[in-house]
Amino acid sequence: TISGKGTLLAQKEAAKQPKKPLTVQQRQARNKELAAKYREEQLRKAFGRSRDWEPRRRKAQLEQLIAEDEWQDEYEVAPTRKKVSKVTDNVQKLSKKQGSKKKDDLMSKALKNLGA
């Protein structure tokens, strides 16, 4: 060797400080970090693997799984509503039950609305 101190590897080994046992605070800090990593791993494990970069399924694959006659439903998604007026039924019911002045007033109003 040139300087008499040994090789570079020997100098590096000599410069290292010997490992000392961890203090209580250092162990607690280390355990908190490990616990946080473990919790995150378990949480990610519960959700399953990431499918962000996987290719999407093709419709052709779905068409092969479903029979042709079951692919489309012959019925409508939702039936359409029909507007039904029950004014004439109500007028007929009121005309059967006569005798009250309130009913007569209501009947005349209903007949006016039908005519207008």
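Every value quoted in this text rests on a predicted model; they were computed, and no experiment measured them.
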Spacing of CG belonging to Leu22 relative to CD belonging to Gln28, to within rounding of 0.5 Å
11.5 Å

Going from CD on Gln26 to NZ on Lys20, what distance comes out if it is rounded to the nearest 0.5 angstrom?
10.0 Å

Taking ILVMFWY side chains as joined if any heavy atoms are under 4.5 angstrom apart, and letting links pass through other members, which residues group with Leu43?
Phe47

Other than Leu8, what residues sit in its cluster of Ile, Leu, Val, Met, Phe, Trp and Tyr side chains whose heavy atoms are under 4.5 Å apart, directly or through others?
none

Between Arg44 and Glu40 (salt bridge meaning N to carboxylate O under 4.0 Å), is one present in this structure?
yes

